Structure formats: structure tokens, C-alpha cells
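Atoms considered below: every heavy atom in the structure, side chains included; atoms not considered: hydrogens, waters and symmetry mates. Here is how names work: the chains are called A, B, and so on, in the same order as the sequence lines, proteins then strands, and each is numbered from 1. This is a predicted model, so every value here is computed, not measured.
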There are 2 protein chains.
Amino acid sequence: MVAAPASLDNLCINSIRMLAVDAVNKSNSGHPGLPMGCAPMGYALWDKFLRHNPKNPKWFNRDRFVLSAGHGCMLLYALLHLTGYDSVTIEDIKQFRQWGARTPGHPETFETAGVEVTAGPLGAGISNAVGLAIAETHLAAKFNKPDVSLVDHFTYVIMGDGCNQEGVSSEACSLAGHLKLGKLIALYDDNHITIDGKTDVSFTEDVLKRYESYGWHIQHVSDGNGDVNSIEKAISLAKQVTDKPSIIKITTTIGFGSPNKSDTAGVHGAPLGQEEAELTREALNWHYAPFEIPQEAYDQYRKAIERGATLENNWNESLAKYRSKYPNEAKEFERMLRGELPENWDKDLPAYTSEEKGLATRKHSQICLGALGPNLPELIGGSADLTHSNYTDIKGETGSFQPETPEKRYLHFGVREHAMAAILNGIAYHDSGLIPYGGTFLVFADYMRGSMRLSALSELGVIYVLTHDSIGVGEDGPTHQPIETIPSLRAMPNMLVFRPGDGNETTGSYRLAIKNRKRPSSLCLSRQGMPNQTNSSSEKVAFGGYVLEDCEGTPELILIGTGSELNLCVEAAKNLTSKGKKVRVVSMPCVELFEEQSDSYKEEVLPTSVRKRIVVEAAQSFGWHKYIGLDGDSVTMNSFGASAPGGTCMEKFGFTVENVLGKANKLLG
Amino acid sequence: MVAAPASLDNLCINSIRMLAVDAVNKSNSGHPGLPMGCAPMGYALWDKFLRHNPKNPKWFNRDRFVLSAGHGCMLLYALLHLTGYDSVTIEDIKQFRQWGARTPGHPETFETAGVEVTAGPLGAGISNAVGLAIAETHLAAKFNKPDVSLVDHFTYVIMGDGCNQEGVSSEACSLAGHLKLGKLIALYDDNHITIDGKTDVSFTEDVLKRYESYGWHIQHVSDGNGDVNSIEKAISLAKQVTDKPSIIKITTTIGFGSPNKSDTAGVHGAPLGQEEAELTREALNWHYAPFEIPQEAYDQYRKAIERGATLENNWNESLAKYRSKYPNEAKEFERMLRGELPENWDKDLPAYTSEEKGLATRKHSQICLGALGPNLPELIGGSADLTHSNYTDIKGETGSFQPETPEKRYLHFGVREHAMAAILNGIAYHDSGLIPYGGTFLVFADYMRGSMRLSALSELGVIYVLTHDSIGVGEDGPTHQPIETIPSLRAMPNMLVFRPGDGNETTGSYRLAIKNRKRPSSLCLSRQGMPNQTNSSSEKVAFGGYVLEDCEGTPELILIGTGSELNLCVEAAKNLTSKGKKVRVVSMPCVELFEEQSDSYKEEVLPTSVRKRIVVEAAQSFGWHKYIGLDGDSVTMNSFGASAPGGTCMEKFGFTVENVLGKANKLLG
């Protein structure tokens, strides 16, 4: 390896490399290899192209930068620091990966201003980026005018071999090609190394050809370690291709600069150590102490501050012009950016009486979407190819988001559940007021759970419309019948899991899901119909659980039900009451919200003294013992289901009033 | 549409179409479109190529046929029936999708002999097929001799647009190309229709070009509705390409034959109805009543019976020759086929005393794999690119399963968790005694949960090695720290979830995982070290939970611990005991097995009368109230984790002896 001359470019590039080396060494933990290899492309992109404002990381019209290979986060922290973000000082970098630091081991939006997406689980970032680009394209089509553009930015990604091996990125990038997202530009760090060693032990496909098959524009820069000029040319060209997303394969050397560890898996995820760090300094001709950056490099990088201020000022002028020429649109645009819901957004959500024929909650959900659609223009979503089963369409709207019709808000994700969730996350990360939702069968939440977890972790108000929520699915059989899916979602921190028991509760669930812009919601909805309850309440869904039917005084028995099984509780209670028993029915459409109520409310609904409790839910009982304890019982599923008509399945697996009564009478003694 | 002439080919093809139409009509539920469109390729493949024995569906050396587009199961049931399988009679077809029928709504291996993989969740089947082909290739390399081949079959797949959109198939097929699996042949039903309508709403990529980028051999048959000859030629050619997997895109019309519904989404998943069925009969020139098949068609199809008997006889002769020439190998081969473990397979599994330094359980796991390796040649597996973190290597073995070295048993899956799980399922489906295992970080179980569920549903003894099982992961932070993953796996029926608390329990977990050939196991293993316990027992892991430390008489308090938190219970108990308290420690390495013990054993371990119970586990408490009830307490995680050294995370989130003592003393009052 020839020592690089100390040009300004090299100083800037090596600033990234050495910050990564020194931070990882200091924390004795982390991934130096990627930042060392990607420093040239990071520098080229951030210094020559990225339109951002370091002093206002939330400036709306900034280019979005996604580090999909999130383990290489020191690249991002270095760039944020060098270009002058207040969120990452040199002290923050010294605290890399320590308790309470703003520089955690993978980039997290909720920890560090300037981080656009939480990355680390591979493939997630590039797939989020597709969502960011969809959001930009949609808002541009919706708000821009021939004489004023408010929405006009690129989405840039740095991704690695791991991102390209993960199926979620294949799904998302195939869709991105179909949608011709011309302002999405991915830089692929082709470094030939993954944790198991050389990529050729498992990954020898022609990546660019694959992207070409998706409809992407492809380029290759063969010397990503030194040829900054070619990287810049390639990015310039990619920007000019407006009818296709672009991928630029940039061949690099992982851990570039380290004489003994570069181009090995050893530099991927372990510190170089002091000795090798010194050798790297020598090889890179770097004469600075750890965490010391030459002023020339700072000066060059921090031109971004002035550029950013100018960019934002210009944009503010455009906004002022827009305000004066298009006051209504401006009002709408600025309301969305503030994250405020429109007035009366929920005014058309339906209420039901028990006289009205109950429907499947997936149907009630469709009615809610239809009622929200006209009053909530920021609602955007679709289905993973199950529109006519999930009923995720918005009544009265036709057409969908396509290359020719980006102003439309219905998204056909194709049979790509994982990409759907990641794209919904991306739309939420865009932070422009859009409210993303997406549907599939509940059982296929398993396909997208990786991204659902990121919705929960990153505090994204994504709404998952999950229909066919039990063995009530019927004939499609056990591969399509969720048993453990509901409890497994309830186990996830910050995820609201709704399982409404009729029309009013579906309305209540939607109202809460829309309002919760920092928590994702999973709406678990039935395929089959159920009656509207006399005492159900859309408002009380906010308590998570509430007394639906009650007796005089202290109950002898409490029946707890959700969703399509709520009515079994009501019917069983009627029978028991007619025989003189004192029975309460608690509807529990959202366990998480019930948990968050005051102790006194919870005690009121479920008095500690009443230990005879039965839960009825066509799912695994797992988790319910928190309420039924050691003394209660349950009518739940303890095995996979079966292929047969839904009513037959329900009956054969014990979801009958008789079975509930049998267990009740046994408990009552 | 021109009525097809009643040639024998057409009779045979239309037999499939009309069985599908009539069965779906009778059950008033199902998917007629795919069988109607794929009938020609189904006929061509099964009548001209597939080597199988209808009278012995388990004949080892049969070609494997996978219907990846599982919703089209009537295609498979029709072919099984027509070629003479006893498992699918005409009465079974009349019972399509009914309770207890052998013809469920999607193909299920455990319901119907002749079904090779459980399909329905899209993308799973083709990915399983990669596993089947890996198993065949490996066993051929291991057992075949220049003069006798025992293992020599193709794996055929019919897949649809949905399978090609799912990321799991991208992962698996990229790997299949890398591995040059020449005996894998996929027929891609290119019918342009999915549930949302024309595929061009979301799926316009060049599928064949994509497969070419993976290293597959590609072909296109443009008239899949009528040109059986071209289909046959393409399959013949694909068979001759032995150094690449093959995909043949066959353009068809969904619902072919139905005058008003073909080529629409309406025929995908709904009955044609009586009227359209009659019109279809006319269009197809089909003069038979529902469920009536012309004898000529039966005669043609059922030539498979004689062919199959001959094939099996010939193979049995080869086996006899092999037995006499290679008695040791034959003994091994036949033992594996019987599913018997070798004698003394577990003789080298380690036992530990508390004097021996405890390790991370991922390290203990590595020692177990090393101890099993030489004695259990059927063990085959690897990691999704985390070999040196999961420690999934087999000590003393070098090299891996590659095109040039198919006799090796270590698999580099790449960063492809979902494909890994599906491939492990495929190896298990091969039913040849191979014991598949695969590793990744526990948190990334979320990426492959769809296939883990299928392991559980289809009763496949896959072993998941899931390391980095808590916030003990440390610096990598919350994206890499499982919180809800353990409970969400415990919620899954038929999944054994082990979380061993030291070396002996790791040994016990492995012994049970290896023995359980009908249940998948998830081994949750720590990144960080923990001490070996004085009274831990590898044998008692079989009880799921057992008394590790005890007091005289009835305990006042029971501490329940798992994994790396078990020692906190032991230390806390010591402290409490020294203060005169009567405390029991229960180790609970496998909740599912504990649940399956007798009531008296469970009562012995956790007496109903002792309500002061605390569980200590660095995971969500969800599910634990089954043991701690309304009166106990827990030291568990109720939020996502954080990026910091593992020890710091543990301390900050309350996993300390002090915190356990605090809760204990509060309960003891």
C-alpha cells in the first residue's frame, strides 16, 4: 500500500477513517472496517452532493442519507461531526457505544439528530430508503407547483453486501424499480468481505445485473479507495437519471489503510488495537493524535454549514412565495409538517348500535378507512397483494401510486410483506405528517416482524392492518391461521395490539392508531362476522379494557374476551346470570393500553379479590395469566389449527358458549 | 377460446383442470386458477419426467416435487390421485378443505402422503426445494460410488409470481446459484395475475434476467396453455444442465378454460360457480360429470404405478449391490434412512463441575457441536454469516459445502436468515436422517420466523442456534438485543425453546434437541460467560424445570431463573438463606417441557401453596405469569435495551443480586 499524499481530499477522507479507528479502539468494540473503506464515497457524497443543514437537522427539504450498513455507524457519526452537527461532538465520539451516549453501536433516530433511519438489522435501511423516496415523490406530486417546488430532494444510501443478501432489500428494490423512483441513489460498498470471510463462500451473484433486472440504472466504480473523481462522476450521472433508481457499485477495500487487517473479516467488527492503529497512521500518512482532526479538514467539511443555511433560506423564500400564491395548499403542507391532524379528521368514523348487523371487523376496518380517507389526506397505504381480502382500499378512491400517478396514495406492495413494513417505516421516517398503513394476513406478520420491531423501537406510528386473525380463517388451514401471532406481537415493547370486538371497538381502535404518531399499531381483524354489542364503546378502547356487561355488587366470575370471542363471553354471561350467578364481562381490545391505566382503574375492572376469571380468545393463552393468574382458566388455542370451514374450526377447537359455560361452572364449583 | 381437441394429452390435462374446478365448487372455497393454468406443465412433468412410486410415496430415491404456490394444491391433489396414490382418492377430493380431510386448503406433509413440503406461505416451497437439493447433493457425494449410485434424483418446483416476489426466494435462489445445484429445476408459472389484479401494478422486473444474475440456467416457454411439447423440451434441456439450477418461465393463463373468468384475479382464489363451471366444460370440450375422469386419462397417468415399481425395484437392486460391496457405508446409509441415531452419539458431550470455569453458553454450544460432530455424521448446518459469533463451526472440520466440495457439511448461508431456516426445513423434509442446524443472533429470529413456524407446524427437527440472547449483547445496542424474542418463540406451538443456565444445561439442551426429530428447537445462548452451577443437571433439562437449590421443608419463596440470570437467583438465595429465609431456586431451561410434565411433578417443583415467586430473566416478562400468578414478581425487561457494555446494560436494567433481593424482601414482607 502506497502512503496517500496529504491532499485536502485525503485529509478529509482520512479524518473519517481515523475517527473510526480511534473511536472503536477506545470503546474496544465496534466496526472500523466499513468506515475505513467507505470514507471516500462518504466524503464525496457529503461534501459535493448532500443538501442538508447541519444546524437544522430537521430542515424538511434536505436530502435524506441512509447508512443501511448500520454497523458502520462511525462513518455516519464522523460525517455528522465533521460537517458540524451539534448532535455529535468530539466528546460524543469518544463516548462511542457507552451508556447514555449519543453515539450508540448502531445508528438510532431517537438518540442522534441527523440519523435518518435506525439501521443495523441488514437490508432494513435500503428498504426504508424506498419508503423515503416514495414519500418524497408523493408529496412532490401533491404540493409542488410549476412555479414553486417545496419538495425536491434525493434519498442516498450506502449499503453493503449484507444488505444485498437480505431478501427484504430484494423485495423493496424490485418495487423501487417498478415505481421508477428516480431520486433514489444507492452506493453499494462492494468490499468482498462479510463476517464469514470472503463473500465468495456464499455470494457470487452478479448484483448489478440483478438491479438492472429490477429496472435500475447501474454503474460501477472500480477503485472506491482512491478515485474520488469517478465516484463524483457516477453520482452526478445517477442524479441525471430521473426515471430509474440508481445503484453505483463501488469496489472498496474493507479496513483500507490498515496494513495487516485490511481486506480481512477481522477488521469488520473488531478494534484494530493500538499497534495496528499506529501502523495505519503511518500507512495513511496521518500525523495526528487520536480524535485530533486537522483544521483544514474541518474547514472543508464545515462549508456545509453555510451551504446549508443558504439552502434553507432559499427554501424558506420558496415557502413564503408558496404561502402567498397557494395559501390553502401551504396551510395543509405546514400543518402536515407540524404533525398536526386536521380538524374533525375523525368526524365520519361510524358508531353502531346493537340493532345494526355486525360485520367482520376487517369490514368495519374498511368502513373506517373510507370514513377517514376524505378527512385525512395524509393517510397513505395499501396491501401486500391482499387488497380484496384485507379490505385496505379507501372507499371512493381509484387508481394507485404508480410512476404516472404519484399523487395517488394507494400502494400496491406486491407479495412483499417485509418490504411493505420497511417502506411504511420509511414513509414515517420522512417525518412529513404522512400516516402510513399496510395490510396483510395476521399470520404473515411473521414475514415482516423484523421491520415491525423497528417501527416499535424507532417510535414510528405505522398502522398494520392484519386481517384473518384466528382459526376463523377456516379452509385455508393452519399455514394461514394465526395462533401465536397475537401474543408474540403483544410481547413487543411499544407496539399497540388492538383486537376489536365489534364495530364501535374498531372505530375506537382506528382513532387511537391514528392519534398515536409515536407508536405503531397492529389491528387484528376478523375474517368472519360478529354482532355489535349493546354496551361497546369506541371511547373506552382508550382504556385498553373495560367492563362491558356487569352484575350487581362484586362479581363471582369475570369473563375476559377480545375480538370475535367477545360475544361468546356475553352469551355465556347471559346464561349464567339467568341462573343467578354474578358475572362480569370485560372487553380487552388492547392489553397494552389497559396495562398503562392507573392501578385504581385496573383494580376497578379486575378486582384482586375476584380470582375466578376466564379469558376467551382464539389464540395461544400465552401472556393471559397476568390476568387469570394461577386460579383462573382460559378458552384459548394450544395447538395449530386445521383446514375446514371457519365455523367448524371454531366449534371443534372449543370456541362455543357451551365450552365457556363448562369452564365457568367448574370454576364456580 | 378454441375448444381443444380431445387428444389423450388434453384429456389428461383437462382432468386436472376439472378436478380443480369441481372440488373448489363443491367446497365453495379454494383456488381453481392455478391448477387450471398449470395443468399442462403438471401433466408434462408428472407423466414424462417425475421418477416416483405412487404405491410407496416414501421411496427414498424419488424425485421431489414441490408445489411452492401452495394455494394451487388441487393441482397436486389431482396429480396424486390421477397417478394412483392411495392417500388421495376421489372421495378425498370431494372432501377438499373439510374437517379431517386428507385434502386441506394448502398442502401439508403431515396430512397427505406424497406431499413433500407444507406450502402456502409464499416463497417457502422454492426455498425448501433448495434445501432438498442440498440434501440430495450432499448425500450423493457422501454415499455414491463410481459403480453404484444410491442418491440420484431431481427436485422440481412449480412456483408463481408470489413466490418470486417474496424475499425469501431471492435469498435462497441466490444461494442455489452460488452452489450450482444442477438438479434443482423450477417451473415458473408466469400468469400475470395476483390477488390485487394484473402483476403490472407492482411487479414488472425481468424475472429470468434476475435468475441469470444468480447463476441459473434460464428458459422461456411462451405458450404454457397448449404447447406441452415445448414444456417437455425445456425440462429435458434443464436436466442436461448439471452445473446450474434451472428456471423455466412458462407463460400461462390463470383459470385457463373458463370463458369469463380466465386471466382475472377473480379466478385466483374463488370458486367458479356452477354456471361458469358448465361453460368451462363446454369450452374445454369436457363431457364428464363432476369428479368423473375418463378411463383413458386414468390409464395414462397410472402407468406411473408400474414405472414406479420398476424404479424402486431397480434401486433396491442397486442397494443390494451396495450392501455387498460397501457394507459399512450401506449400514450407515440405511441407519440414517430409518432415522436412527448412531450408537453412543452423545458419548463425548461434556459434563461440568462448578469448579470448572463457566463460559458463555454460545461457547458451551460450540463445545457440544465439536463433541457431536465426529459421532453424528448426519449433523449438517452452519450460520447466516455469523460463524465466528454464533460459534456454529464443528471443531476439527475444515472447508464447507461448496460446488467443488459437496461432501462437506458446513453451510455458509450468507446474510440470509430467512432462506437459512427454509433451507434447514428443506433438508429435514428430505427425510434422510440428516439433522439440520443453523445459527444467527437471537434477535434475527424475527427475520426467519415465517419458516421457524413451518418447522414447528410440519414437525421438523430443525435446531436453531440463537446466540446473543439478551441485553448482555451490550454495545451493539437495542437493534441487536432481544427483549421479546424469547417469549414470542415460547408462544409458538411445538417449538422447544431452550435457555440453558450453564455448561451442563447446554449439554442437556443439545441432547434433547438432537433426539427430538419431530420438534424444532431454539437454543437461546448467551454472548457473555456465566458460572457452572453446583447442582445443575444435563439430564434434568428433560423435565424443563427442576429444583436447583432448595431449603428444608416448604419454601417461603421460589426464585425461577433461566440462562445467564440463573446465577442471580442462586446468589440471591444464598444471601436470603444466610438470613434464615427458606428459599428454593428453580432452573427452567425449557418451559415447554416443564409444561408437559405430570401435575404431581409440577406441584412438587412449584407447590400451589407457595405464591411468593419471582422469575428472573433478561427478557419481557410476557408469559411468566403462568408461574408467578397475580401474587409473584419478576426481574425482567419491559423496554428495549441500550448500547453500552453488556455488564453495564445488565446492571442498569436491574439484573443484579441487589435488585432480586429487593423484590424478594418486599414479597417476604
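- Looking only at distances, no side-chain donor or acceptor of B:Asp631 sits under 3.5 Å from a matching main-chain atom of B:Arg611.
- Counting heavy-atom pairs closer than 4.5 Å to chain A, the top residue among B:Pro645, B:Gly477, B:Pro478, B:Ala619 is B:Pro478.
- Counting heavy-atom pairs under 4.5 Å between each of A:Val443, A:Thr103, A:Asp206 and chain B puts A:Asp206 at the top.
- Counting heavy-atom pairs closer than 4.5 Å to chain A, the top-ranked of the candidates B:Tyr447, B:Tyr214, B:Tyr627 is B:Tyr447.
- Note: A:Ser174 leads A:Ser174, A:Ala419, A:Ser621, A:Gly215 in heavy-atom pairs under 4.5 Å with chain B.
- Options B:Ser451, B:Ser389, B:Pro121, B:Gly474 differ in how many heavy-atom pairs under 4.5 Å they form with chain A, and the most are formed by B:Pro121.
- Neither the backbone nor the side chain of A:His71 comes within contact range of chain B, judged by heavy atoms closer than 4.5 Å.
- When the candidates B:Asp161, B:Thr608, B:Val168, B:Leu386 are compared by the number of heavy-atom contacts under 4.5 Å with chain A, B:Leu386 comes out ahead.
- The part of B:Pro482 that comes within reach of chain A is its backbone (N, CA, C, O), which places non-hydrogen atoms under 4.5 angstrom from that chain.
- Within the 3.5 Å criterion, the main-chain N or O of B:Ser488 finds a donor-acceptor partner in the side chain of B:Arg449.
- For chain B, the nearby part of A:Gln620 is the side chain; its heavy atoms alone come within less than 4.5 Å.
- Residue B:Gln98 touches chain A through both its backbone and its side chain, counting heavy-atom pairs closer than 4.5 Å.
- Most heavy-atom pairs under 4.5 Å with chain A: of the set B:Met452, B:Glu212, B:His388, this distinction falls to B:Glu212.
- Side-chain N or O atoms of B:Arg416 include one that pairs as donor or acceptor with a backbone N or O of B:Phe413 at under 3.5 Å.
- Using a 4.0 Å cut-off between charged nitrogen and carboxylate oxygen, B:Arg490 and A:Glu484 do not count as a salt-bridge pair.
- Of the two parts of A:Tyr211, neither the backbone nor the side chain holds a non-hydrogen atom closer than 4.5 Å to a non-hydrogen atom of chain B.
- Under the 4.5 Å side-chain criterion, counting only non-hydrogen atoms from C-beta, B:Phe640 is not in contact with B:Gln481.
- In this structure, the portion of A:Asp200 lying under 4.5 Å from any heavy atom of chain B is its backbone and not its side chain.
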Test side-chain contact (heavy atoms from CB on, under 4.5 Å) on B:Trp624 and B:Ser634 and set out the steps. CA-CA 8 Å; B:Trp624 276 117; B:Ser634 67; 5.8 Å; no
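- A donor-acceptor contact shorter than 3.5 Å is absent between the side chain of B:Glu166 and the backbone of B:Ala124.
- Most heavy-atom pairs under 4.5 Å with chain B, from the set A:Leu457, A:Thr648, A:Leu411: that is A:Leu457.
- Side-chain contact between B:Glu595 and B:Glu592 is absent, with no heavy atoms from C-beta onward closer than 4.5 Å.
- With a threshold of 4.5 angstrom between heavy atoms, B:Glu108 approaches chain A through side-chain atoms but not through N, CA, C or O.
- Ion pairing between A:Arg97 and B:Asp476 holds under the 4.0 Å rule for side-chain N and carboxylate O.
- Between the A:Trp216 side chain and the A:Cys173 main chain, a donor and an acceptor come within less than 3.5 Å of each other.
- If you measure heavy-atom distances from A:Thr194 to chain B, the contacts under 4.5 Å come from both the backbone and the side chain.
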side-chain contact (heavy atoms from CB on, under 4.5 Å) for A:His418 and A:Glu171? Distances and angles first, verdict last. CA-CA 8 Å; A:His418 200 172; A:Glu171 295 177 3; 3.6 Å; yes
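- A donor-acceptor pair under 3.5 Å links the side-chain atoms of B:Asn390 to the main chain of B:Thr440, judged by distance alone.
- Most heavy-atom pairs under 4.5 Å with chain B: of the set A:Leu175, A:Val201, A:Thr387, this distinction falls to A:Val201.
- Heavy atoms of A:Phe401 lying under 4.5 Å from chain B are absent altogether.
- Taking chain A as the reference chain and counting heavy-atom pairs below 4.5 Å, the highest number among B:Gly167, B:Gly105, B:Cys163, B:Ser213 is found for B:Ser213.
- Considering only heavy-atom pairs separated by less than 4.5 Å from chain B, the leading option among A:His106, A:Arg210, A:Met637 is A:His106.
- Counting heavy-atom pairs under 4.5 Å between each of A:Ile628, A:Val207, A:Asp385, A:Thr204 and chain B puts A:Asp385 at the top.
- Remark: side-chain polar atoms of B:Gln165 are paired, donor with acceptor, to backbone N or O of A:Val415 under 3.5 angstrom.
- By the ring-ring contact (aromatic ring centres under 6.0 Å, His included) test, A:His412 is found to be paired with A:Tyr410, residues two or more places apart in sequence or in another chain being considered.
- Residue A:Glu475 touches chain B through both its backbone and its side chain, counting heavy-atom pairs closer than 4.5 Å.
- Heavy-atom distances place both the backbone and the side chain of A:Phe203 under 4.5 Å from chain B.
- Counting only distance, with no hydrogens or angles, the side chain of B:Glu205 and the backbone of A:His178 share no donor-acceptor pair below 3.5 Å.
- Heavy atoms closer than 4.5 Å to chain B are found in the side chain of A:Leu454, but not in its backbone.
- If you measure heavy-atom distances from A:Ala119 to chain B, the contacts under 4.5 Å come from the backbone alone.
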